[in-house]
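Comments concern the structure below.
Note that the numbering runs from 1 along the sequence shown for the chain. Atoms within a ligand are numbered from 1 in the order they appear, just like the ligands themselves.
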Amino acid sequence: MTQIKRVAVLTSGGDAPGMNAAIRAVVRKALQENLEVYGVLRGYEGLIKGDFIEMNSKSVANIIQTGGTILKTARSEVFKTEEGRKLSYKNLKKAEIDALVVIGGDGTLKGARALVDEYNFPVVGIPGTIDNDLFGTDMTIGYDTALNTVMTAVDKIRDTAMSHDRMFFVEVMGRDAGFIALRSCIAGGAEAALIPEVETDINALHEKLLGYMRQKKTSCIIIVAEGDDAGGAFKIKERLQEFGDDFDMKVTVLGHTQRGGSPTSYDRYLASRLGIAAIEALIDDQRSIMVGMINNEIVHVPFNKTIKHHRTIDQKMLEIINTLNT
Ligand code: F6P
């Protein structure tokens, strides 16, 4: 059993609301366990450069309510190379750091797995991404806040869509996954969601829109996942224009607004529980795992499992959207 005295924490990849709450929980739990804690700046870039700062209880005061990440983040290309990881390991050893907590999405966990596999260095991951695309946890940190951001935007768009009898295509993030699109479609009462997991049939979509018009529905909102195979909201609009109807169509791309803002109570709660669980796991000599939460219980998921298994969408969600739009 490795005796851990000093741990480090970093955030990597796209920032997600609630990452700060997770950092806070990691730091405070580590201090409670009499561990020394260091923050690594700018994700794996900070490991490569040896950019470490010592943290105490005060360093994480007043951050639970803030979006972004106080440790900053980056998508490191250098860490993807063996040389980058070698440098990182050297810097961790030099700073006498015994274990690492990484907060981020799929790419972050892949990086963590490489560090464990190549150097047997203990790493525990915390799922932090607005995309909710990680296998082994009901929700990832940031997803709930992003959903609320999209829902609020859709509510606002509906006011203007109704006033002008317009059709709106609202493009949401999610990379190659449709989780944000599906949930926000239901919560925002939108008429349809186009997602990467289901091939978009432009003729069927056109028929659906004509159907709405026949029902004297003069406005509607379609949520388009950025990774949809049709090529995004502008492309969908273009292809629908080719049918020559007189639909008044507008596109809104929500973009990075979905990544910011104060985390919801759920994201703060989830982040706090996962932060504590990560330190507990390290003390328990765990390495190469992600902590997740399923049915309100903490689970440990091996990196291999969460990285290999592609999280699938729940078909029920599509049925719900259909039911609510008949
Ligand atoms: O993974 C989070 C995410 O916001 C995705 O939804 C999106 O595709 C991507 O990051 C955008 O990344 P960047 O901010 O680096 O352009």
Determine whether any heavy atom of Gly174 lies closer than 4.0 Å to an atom of ligand 1.
yes
One pair to check against salt bridge (Lys or Arg N to Asp or Glu O under 4.0 Å): Arg259 and Asp15. What are the steps and the verdict?
CA-CA 7 Å; Arg259 289 239 292 261; Asp15 59 312; 2.8 Å; yes
For [atom], what is the nearest protein heavy atom, given as residue, atom name and distance?
atom                    : result
atom 8 (O) of ligand 1  : Glu226 OE2, 2.5 Å
atom 2 (C) of ligand 1  : Asp131 OD2, 3.4 Å
atom 12 (O) of ligand 1 : Arg75 NH2, 2.9 Å

Give the numbers and elements of all ligand 1 atoms closer than 4.0 Å to a heavy atom of Arg259.
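Matching atoms, with element in brackets: 3 (C), 4 (O), 9 (C), 10 (O), 11 (C), 12 (O), 13 (P), 14 (O).
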Could Lys237 and Phe169 be counted as a cation-pi pair, given that NZ or CZ must be under 6.0 Å from the ring centre and within 45° of the axis?
no
Taking the six-membered ring of Tyr119 as reference, does the NZ or CZ atom of Arg85 fall below 6.0 Å from its centre and within a 45° cone about the axis?
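Relative to the ring axis of Tyr119, which defines the angle, Arg85 lies outside at least one limit.
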Counting distance only, does the side-chain N/O of Glu45 pair as donor-acceptor with the main-chain N or O of Arg42 below 3.5 Å?
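Flag not set: sc Glu45 to bb Arg42 has no pair under 3.5 Å.
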Distance-only, no hydrogens or angles: does the Asp133 side chain make a donor-acceptor pair with backbone N or O of Gly174 under 3.5 Å?
no
Given that the side chain starts at C-beta and the backbone is N, CA, C, O, which of these parts of His256 lies under 4.0 Å from ligand 1, counting heavy atoms, or is it both or neither?
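Side chain only.
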